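What you are looking at is a predicted structure, and each value in this text was computed from that prediction instead of being measured. Convention: sequence-line order gives letters A, B, ...; per-chain numbering from 1. Worth knowing before you read on, the calculation uses all heavy atoms, side chains too, and leaves out hydrogens, waters and symmetry mates.
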Protein chains: 2
Amino acid sequence: MKKISLNDIAKQLGVSKTLVSLVLNGKAKQHRISHEVCNKVTELAKELNYKPNQIAKGLRTGKTNTIGLIIADIANPFFGKLGREIEKEAANHGYRVIFCSSDENPANSQKQIEMLQQGQVDGFIIAPPAGSENQILSLKRNRTPFVLIDRNFPDIDTNYIVVDNIQAAFDATSHLINKGYKKIACITLNVHLNNMNQRVLGYKQALIENNIPVDEELIKMMPFTHEKDDIVEAVKQLEPGNKAKVEAVFFATSKLGIMGIETLHSLGLHIPDDIAVVSFDDPDAYKISQPPVSAIAQPLQEIGQESVKVLLDLMNDNQSETKKIVLKAKFIPRRSSGA
Amino acid sequence: MKKISLNDIAKQLGVSKTLVSLVLNGKAKQHRISHEVCNKVTELAKELNYKPNQIAKGLRTGKTNTIGLIIADIANPFFGKLGREIEKEAANHGYRVIFCSSDENPANSQKQIEMLQQGQVDGFIIAPPAGSENQILSLKRNRTPFVLIDRNFPDIDTNYIVVDNIQAAFDATSHLINKGYKKIACITLNVHLNNMNQRVLGYKQALIENNIPVDEELIKMMPFTHEKDDIVEAVKQLEPGNKAKVEAVFFATSKLGIMGIETLHSLGLHIPDDIAVVSFDDPDAYKISQPPVSAIAQPLQEIGQESVKVLLDLMNDNQSETKKIVLKAKFIPRRSSGA
DNA sequence: CTATTTAGATTAAACGTTTTAGCAAAATGA
DNA sequence: TCATTTTGCTAAAACGTTTAATCTAAATAG
């Protein structure tokens, strides 16, 4: 079944393809095409099930109606849910989404951006890995529309949509303190992402504000390619039997949290009696966990919608002022922290 | 920063763009371009950081190097992980992936297929929703390369990669029987997908083979747009206090399982003492659940890799014989079923 | 010395659109 | 009646590639 083109319709009706194009793009009146001809065209187009070739359109107009989305890992439920929201909002505006998982590796995101920049997408939504500053600067330089999500680079003036990580971590930690826990550990990633830094910052602020000394020994930084073993090692050091006598732990990501909780269970520790737990992000796993895990839920729908909207604005009228949006994340106390 | 084209390079060197194109596509020898000129071209191309415009290339060659992936929901960890494997394998072969979530709604997948067929993708990988038979037939008719995954239509001769759902469900149910459970319920989806049908079939076969009568009352079909409430209702009917006196339950998807387990917990039921649980699919949630949930793990990497390979074969040399691949899923006993 | 081959390049068409500029006929105005 | 405007439509260029068809000059063959 050969695809039919503007030309096919034009020939069958004995008119020019210009006319057909104008009619099908709703510019008939504007160009004074007679009603009669106009109807004939639309009818035949429908009959032949004409669908404009987006590639040709893209070449001519320079628009692809496609967004490039670069995240850490689509298999990670946090990014999966966020990706879904972005897909949804994009579709509402007639845009498709190409997904790329960078694995937090700047070399990967570099390749992916370059690949998609070859005329394949109109703009980017990016969760930039640590060390990708130059890529972001390069995008700015050649005026490619883009929005950062999840994290941003404080030193680079860009559009971004993030949550208030400090506040969220502060809330979660304060909650633990209010529940009477004092020896609180923090397990985070050994990676220079400002969202991660801020989570630790919020944790520390809550301690300080409650006159609890910050013990750097209780802050465990995992390599960002962390595997089960790393977590097991870190968690073991937190065992109440150890000198640290940790009473509670704050996991800075759900991936860390899931592995960590699995480890706590396998060590025979009871949550929250032996050790209380709170975590950033709120995957399904936390809801069915026994006990359910206290978590910080990010407003994924809002992040998704806003990022698409900001990007579309950007692509339409190249406004100069950058949009910096900081949303609130919500702490949900559950039984893992004695709630 | 204006994008530079073949023409720019050609002009700067005072040669034709044909020559530049040939050189950069490695056809220099074939077309007897002199070494000298050849070098000049490659050097300048590198210097100017020339990247061919994929849209133009696509228009001319009819190839986009893009795959359309249509699944139920990228936010569902099963599809998230599968999507990731597909993305990875596609990237290995120089292909990008456009993700579309159909929500199991055939009208959505219809729109998505039509949208992407307008010259945007070279082929499709599809988890077809119930009721999308006509779309699949239509793809066959106009010779669009595609592969089905996760489910297929037995009456339509297509390429597909699925797991042996009957065997997997049989294994899981047999395991429960071996553990001494006799009153085993099955919670599945009220949807005409052959993978779902087969899961119920495997469940029944295991009962029959062990001389346990199949009780249709114990097979609960959820509407495919199921929400929490539906599950709660169904699970409540399974309470040991009820006349059914159910001892164990087999969830046919992880989404059902997660909601179901949450409900069992909220009813104050203990797993596995009050009721044992096994489930199709193996999300992270099952690993940190207390007790961990016995699950059927699908070979996601293999499904992803095979589907991309089959599709690429299809796109390259339009072979006529359809590839039907059935992989084995692996049952993993955990404590939720007394293991 | 002429005819043919070869080396090394170029021209131009094509892919399917959109869009600018313009044309001919009809209608209007003086 | 002639000039001007309006109506309805078309031609052709352009987007950046690829590729089939040529073309010229030099080299080789007879």
(message) Heavy atoms within less than 4.0 Å of DNA chain C: which residues of residues 38-60 of chain B have one? Give them sorted by number.
(response) B:L59, B:R60
(request) Please list residues of residues 14-26 of chain B whose heavy atoms come under 4.0 Å from any atom in DNA chain C, ordered by number; otherwise none. (result) B:G14, B:V15, B:S16, B:T18, B:L19
(request) Count the heavy atoms belonging to other residues, nucleotides or ligands that lie under 6.0 Å from NZ of A:K140, then report whether that count exceeds 12. (result) yes
(message) Can you pull out every side chain to side chain donor-acceptor pair (under 3.5 Å) where at least one residue sits in residues 58-80 of chain B? Sequence neighbours excluded, please.
(response) A:R84-B:D73, B:K63-B:Y95, B:T64-B:D122
(request) Establish, from distance only, whether the side-chain atoms of A:N159 and A:T322 form a donor-acceptor pair under 3.5 Å. (result) no
(request) Report which part of the nucleic acid A:K29 touches: base, sugar-phosphate, or nothing (heavy-atom distance under 4.0 Å, all strands). (result) nothing
(request) Only counting residues at least two apart or in another chain, list the ones meeting salt bridge (Lys or Arg N to Asp or Glu O under 4.0 Å) with A:E104. (result) A:R151
(message) Among B:D150, B:I149, B:I71, exactly one meets side-chain contact (heavy atoms from CB on, under 4.5 Å) together with B:I125. Which residue is that?
(response) B:I149
(message) Tell me which pairs pass ring pair (Phe, Tyr, Trp, His ring centres under 6.0 Å) where either residue lies in residues 110-159 of chain B, with sequence neighbours left out.
(response) none
(request) With sequence neighbours excluded, tell me which residues meet salt bridge (Lys or Arg N to Asp or Glu O under 4.0 Å) with A:K51. (result) B:E114
Check: protein-nucleotides 22-24 of chain D nitrogen or oxygen pairs below 3.5 Å:
none

(request) Check whether any side-chain heavy atom of A:V20 lies under 4.5 Å from a side-chain heavy atom of A:V15, and answer yes or no. (result) yes
(message) Could you work out how much the helix from C:dC1-D:dG30 to C:dA30-D:dT1 bends, comparing the axis of its first five pairs with that of its last five, to 10°?
(response) 70°
(message) Checking A:K11 now: which residues fulfil salt bridge (Lys or Arg N to Asp or Glu O under 4.0 Å) with it, not counting sequence neighbours?
(response) none
(message) Under 4.0 Å, heavy atoms only, any strand: does B:I33 hit a base, just the sugar-phosphate, or nothing?
(response) sugar-phosphate
(message) Without decimals, in angstroms, what is the distance between B:Q30 CD and D:dT18 P?
(response) 13 Å
(request) Under 4.0 Å between any heavy atoms, over every strand shown, what does A:K63 touch: base, sugar-phosphate, or nothing? Just pick one. (result) nothing
(request) Determine, for B:D157 against B:K324, whether the closest basic-nitrogen to carboxylate-oxygen distance falls under 4.0 angstrom. (result) yes
(message) Regarding B:Q54 and A:Q118, do their side chains bring together a donor and an acceptor under 3.5 Å, going by distance alone?
(response) yes
(request) Using the test ring-ring contact (aromatic ring centres under 6.0 Å, His included), find all partners of A:F99 that sit at least two apart in sequence or belong to another chain. (result) B:F99
(message) Reading DNA chain C in the 5' to 3' direction, which nucleotide is the first one with an atom under 4.0 Å from a heavy atom of chain B, and which is the last?
(response) C:dA7 to C:dG16
(message) Take a 6.0 Å sphere around NE2 of B:H192 and say whether it holds more than 12 heavy atoms from other residues, nucleotides or ligands.
(response) no
(request) For B:K323, enumerate each residue passing the salt bridge (Lys or Arg N to Asp or Glu O under 4.0 Å) test, keeping only those at least two apart in sequence or located in another chain. (result) B:D313
(request) May I ask you to check whether A:T144 and A:Q117 show a side-chain donor-acceptor distance below 3.5 Å? (result) yes
